[in-house]
J.: 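Starting off with a structure, shown below.
The figures here come from the full heavy-atom set of this structure, side chains too, leaving out hydrogens, waters and symmetry mates. The sequence lines fix the lettering, A, B, ..., with proteins before strands; numbering per chain opens at 1.
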4 protein chains.
Amino acid sequence: MRGRLFHVLSKVAERGEDNSARRERRKEARPGELLDAALQLFVEKGFAATRSEEVAARAGVSKGTLFLYFPSKEELFKAVVRENISGRFAEWTQEFEEFEGSTSEMVRYCMRVWWERIGATRASGITKLMISEASNFPELAAFYRQEVIRPGTELMRRILLRGIERGEFRDLDLDYAVFSIVAPMVFLIMAKHSLGACVAQDTPLDPERYLDAQIDTLLLGLCVRPDAKGARA
Amino acid sequence: MRGRLFHVLSKVAERGEDNSARRERRKEARPGELLDAALQLFVEKGFAATRSEEVAARAGVSKGTLFLYFPSKEELFKAVVRENISGRFAEWTQEFEEFEGSTSEMVRYCMRVWWERIGATRASGITKLMISEASNFPELAAFYRQEVIRPGTELMRRILLRGIERGEFRDLDLDYAVFSIVAPMVFLIMAKHSLGACVAQDTPLDPERYLDAQIDTLLLGLCVRPDAKGARA
Amino acid sequence: MRGRLFHVLSKVAERGEDNSARRERRKEARPGELLDAALQLFVEKGFAATRSEEVAARAGVSKGTLFLYFPSKEELFKAVVRENISGRFAEWTQEFEEFEGSTSEMVRYCMRVWWERIGATRASGITKLMISEASNFPELAAFYRQEVIRPGTELMRRILLRGIERGEFRDLDLDYAVFSIVAPMVFLIMAKHSLGACVAQDTPLDPERYLDAQIDTLLLGLCVRPDAKGARA
Amino acid sequence: MRGRLFHVLSKVAERGEDNSARRERRKEARPGELLDAALQLFVEKGFAATRSEEVAARAGVSKGTLFLYFPSKEELFKAVVRENISGRFAEWTQEFEEFEGSTSEMVRYCMRVWWERIGATRASGITKLMISEASNFPELAAFYRQEVIRPGTELMRRILLRGIERGEFRDLDLDYAVFSIVAPMVFLIMAKHSLGACVAQDTPLDPERYLDAQIDTLLLGLCVRPDAKGARA
DNA sequence: AATGAATGAGGGTTCATTCAT
DNA sequence: GATGAATGAACCCTCATTCAT
């Protein structure tokens with residue numbers, strides 16, 4: 001009996017908190033904790049290379065607990081993707097339709113806000129995830145295309161169109177100009193999640209400075225006249 | 001210069017020939033065929049999700065044969081990466097040092113040539129691979145940074161510097177401006193290998209048109225005056 | 001004799017009442033409800049394929065409660081078996097020792113009463129269970145042999161012996177003749193619990209008609225003269 | 001290297017034969033060996049309680065090898081059932097249609113032949129299996145009904161009908177009279193595979209003697225006159 | 001050199017059992 | 001007593017790797 005008590009206590013100690021505390025944030029908190037842990041690991045190591053026990057461990061629970069909340073690793077993956085793509089685009093579309101400044105300001109705002117709300121958060125991992133795993137999860141790729149890519153592209157298209165119609169932007173190849181906005185963002189995510197600084201490990205990429213540089217060049221490239229109002233002061 | 005380009009292109013062509021031709025030069029070609037098959041599958045499905053038997057099958061040999069040439073799946077992966085990032089940068093650096101046109105032309109040439117020699121070939125999959133698997137193969141990531149990212153960055157840095165020094169480009173934040181060239185290329189690779197399934201399945205992205213659009217905007221964004229010589233006719 | 005029979009039948013009836021009635025006498029009835037649920041499921045799916053949570057659910061309690069009453073699934077199984085083979089043989093032996101009709105009548109009565117008291121009730125599942133699980137529960141099989149098979153065989157042996165001694169039955173191979181009585185009963189149980197799904201799904205076997213046919217043939221086969229008194233009117 | 005050699009040799013010794021011998025009866029023999037092992041274990045312990053590693057071990061191979069030949073434990077189970085129900089009924093039906101003796105002789109012959117060809121062989125385990133697992137494998141139960149029960153029943157029905165039409169047998173309830181033939185056979189299988197002697201462990205049931213006793217009683221019960229020709233001398 | 005049958009460690013998933021509430 | 005969240009041993013199955021042929 002002494003043995004069992006010791007065993008239990010050492011397990012508690014291992015976790016760094018007592019059981020009652022863990023019980024308290026019980027069922028409601030679990031799925032979120034698991035999804036967070038899963039997102040981190042999937043982004044870090046890929047779907048196949050992530051072991052479900054590891055996800056559970058990072059969420060501070062045992063292997064079996066994971067399967068109380070998600071019926072399989074694949075469903076966990078899907079839940080991770082869905083969880084992080086709550087319908088933000090409706091909100092954003094609204095926000096941009098009410099925007100009153102110049103379109104250059106709008107583009108700058110758009111990219112900065114993207115960084116704040118997505119790029120700098122866990123959610124950015126989803127993009128890396130989808131790119132790495134798209135072909136292993138065709139239905140999910142379709143879902144992502146439908147829920148993220150399409151509305152995102154549409155939003156930026158509208159912004160560019162506004163710029164052209166207002167005479168701010170030059171006559172762009174609209175379908176492909178959107179990639180001038182998207183590419184720097186995707187690249188930033190990749191830099192963040194994969195190859196580190198992408199330049200050298202010791203001098204990590206500063207996202208703010210990176211974004212400013214990209215936006216400056218981008219706006220100069222988009223605008224009719226390089227001295228457009230939206231250019232940084 | 002033509003000579004070198006031809007050499008590179010013919011190596012690319014070599015990999016594309018039909019199966020019947022392959023059978024004839026059995027033994028010598030085996031490792032190459034395996035590397036090709038492996039590259040395709042690793043890019044498509046990721047390292048962990050690719051089964052070695054499948055690699056062997058696609059290369060037209062049996063499972064056992066694969067391990068005759070590569071001691072393990074991991075070594076195969078490393079060989080795939082190493083094989084496909086052969087140091088062409090020395091070659092390219094020289095090529096660009098001898099370049100005589102405007103720096104805008106140089107940037108345009110650089111991106112086009114990259115597309116022809118890397119982007120459009122199987123070798124582009126390596127970028128996708130490294131982005132997906134970097135954290136599972138840290139030493140390979142370091143190798144890639146060392147062999148590809150660093151010299152590539154350095155190459156573009158020099159080009160940009162040339163543009164600034166010659167008064168063609170504005171006063172750029174050099175360390176970050178290189179990403180304005182890299183990001184569109186990385187994005188194109190991603191679009192080709194994964195997001196292609198994402199961006200739009202029915203109307204796939206046209207690389208030439210994409211590149212033109214990106215280069216136009218980029219150069220306008222980099223140049224002191226928007227009517228720079230390098231702008232497309 | 002009537003009294004005893006009534007008692008047995010009323011116990012059988014007890015188990016068949018509806019759920020609402022059950023709720024009212026909560027605690028005292030729990031173990032019985034669990035045993036009933038377990039018997040049903042074990043018979044239906046086998047020991048290993050029955051999940052203890054399912055047993056609990058069918059008994060209307062939670063998983064934990066099951067283990068409040070039975071220390072393990074295996075103990076539950078043993079309890080199910082023990083509970084359902086209560087030694088009625090002493091009772092029956094006496095009943096038959098006081099029997100006053102012909103031995104043919106006795107055999108017929110014996111099989112009919114067995115059907116009423118065992119075959120038609122939940123208790124019959126135990127036979128199916130033991131046949132299915134005997135090798136996984138050797139000590140239980142021994143117990144079953146001891147408590148059911150041996151006394152049952154002995155009982156029928158005596159009946160047959162009585163028939164022979166009274167000149168009603170021919171000179172039987174006593175040790176094996178008992179199986180002529182047992183086999184049709186065992187078969188009926190199997191038909192009811194498993195082969196029922198096999199013999200014919202659309203026209204299920206009618207137990208009464210089945211028993212009549214078996215008994216008729218059996219008695220004709222046992223008796224010295226085919227026009228024995230016990231033959232059905 | 002010494003270590004490895006020792007390891008290999010001791011493994012060989014364990015198996016009691018050298019590797020080359022094992023390699024020789026290779027692929028062709030494996031499925032049969034595995035099916036045999038599986039039949040034994042499924043019959044002995046039930047489907048769920050049988051571990052696939054155990055099946056492999058009994059067949060003298062490793063866990064993984066089992067799955068080279070059968071894609072899953074369930075498919076193995078199905079294969080076991082199918083393997084042991086090759087279409088014997090066509091053959092038998094033919095055999096009985098050409099039978100020239102009395103119908104009593106036919107019944108006796110039928111049951112003896114069943115014992116020789118099925119009852120005494122591994123195949124008899126299938127019956128026990130199906131009875132134990134029918135509800136866990138509904139499609140398989142349907143298959144078994146279709147392939148075994150139905151033709152078997154039909155065969156015996158015809159025999160009985162012949163007896164009635166030739167005036168040998170009394171006017172039987174045909175649909176249920178077949179069970180008088182089946183029940184003793186099913187019971188024998190159960191006795192063999194489950195509860196041992198069903199009487200006492202120490203005096204195992206003698207199948208020949210059992211069958212003779214059952215057939216004698218059965219025929220006396222079926223025939224118009226008890227001195228039918230088919231009765232044992 | 002090439003094959004592919006065989007292996008067995010590894011990882012996903014289930015479920016009997018525990019225990020804080 | 002009753003609950004059900006949590007646990008982790010055990011089991012099915014995969015697949016990188018080996019090796020006799």
J.: Report yes if at least one side-chain N or O of D:Y69 is closer than 4.0 Å to OP1 or OP2 of E:dA5; otherwise report no.
T.: no

J.: Any idea which of F:dA16, E:dT7, F:dA6 is nearest the B:R51 side chain?
T.: F:dA16

J.: Give the rounded distance in Å between these two atoms: CZ of A:F77 and C1' of E:dG12.
T.: 17 Å

J.: Which base, if any, makes a Watson-Crick or G-U wobble pair with E:dA20, both distances under 3.5 Å?
T.: F:dT3

J.: Could you tell me how far apart D:R30 (CZ) and E:dT7 (C1') are, to the nearest whole angstrom?
T.: 11 Å

J.: Using OP1 and OP2 only, check whether a side-chain N or O of A:S52 sits under 4.0 Å from E:dG11.
T.: no

J.: Find the distance A:L34:CG to F:dT7:C1' and express it as a whole number of Å.
T.: 14 Å

J.: Which is more 5' along DNA chain E, the nucleotide nearest C:F67 or the one nearest B:L68? Just name the residue.
T.: B:L68

J.: Does B:S72 put a side-chain nitrogen or oxygen below 4.0 Å from OP1 or OP2 of F:dA16?
T.: no

J.: Rounded off to whole Å, could you give me the CZ-to-P distance for the C:F70 and F:dG1 pair?
T.: 12 Å

J.: Would you say F:dG4 has OP1 or OP2 under 4.0 Å from some side-chain N or O of C:K63?
T.: no

J.: Identify whether NZ of Lys or CZ of Arg in C:K73 sits under 6.0 Å from the centre of the six-membered ring of C:F47 and within 45° of that ring's axis.
T.: yes

J.: Using only side-chain N and O atoms of D:T65, determine if any of them is under 4.0 Å from OP1 or OP2 of E:dA5.
T.: no

J.: With a 3.5 Å distance limit and no angle check, can you tell me whether D:T50 reaches the backbone of D:L41 through a side-chain donor-acceptor pair?
T.: yes

J.: Are the charged groups of B:R58 and B:E44 less than 4.0 angstrom apart, N to O?
T.: yes

J.: Round to the nearest Å and state the distance from D:L66 atom CG to E:dA5 atom C1'.
T.: 14 Å

J.: Test your reading of the model: is there a side-chain donor-acceptor pair from D:N84 to the backbone of D:I126, 3.5 Å cut-off?
T.: no

J.: Only pairs with both distances under 3.5 Å count, Watson-Crick or wobble alike; so what is the partner of F:dC13 in this structure?
T.: E:dG10

J.: What's the CD-C1' distance between B:E53 and F:dT18, to the nearest Å?
T.: 14 Å

J.: Do any side-chain nitrogens or oxygens of C:S62 fall under 4.0 Å of OP1 or OP2 in F:dA2?
T.: no

J.: Assuming nearest nucleotide by heavy-atom distance, tell me which of C:P71 and A:A48 is located more 5' along DNA chain E.
T.: A:A48

J.: Who does E:dA1 pair with, Watson-Crick or G-U, both distances under 3.5 Å?
T.: none

J.: Mind running salt bridge (Lys or Arg N to Asp or Glu O under 4.0 Å) on A:K45 and B:E133 for me, showing each step along the way?
T.: CA-CA 7 Å; A:K45 319 171 68 152; B:E133 308 289 344; over 6 Å; no

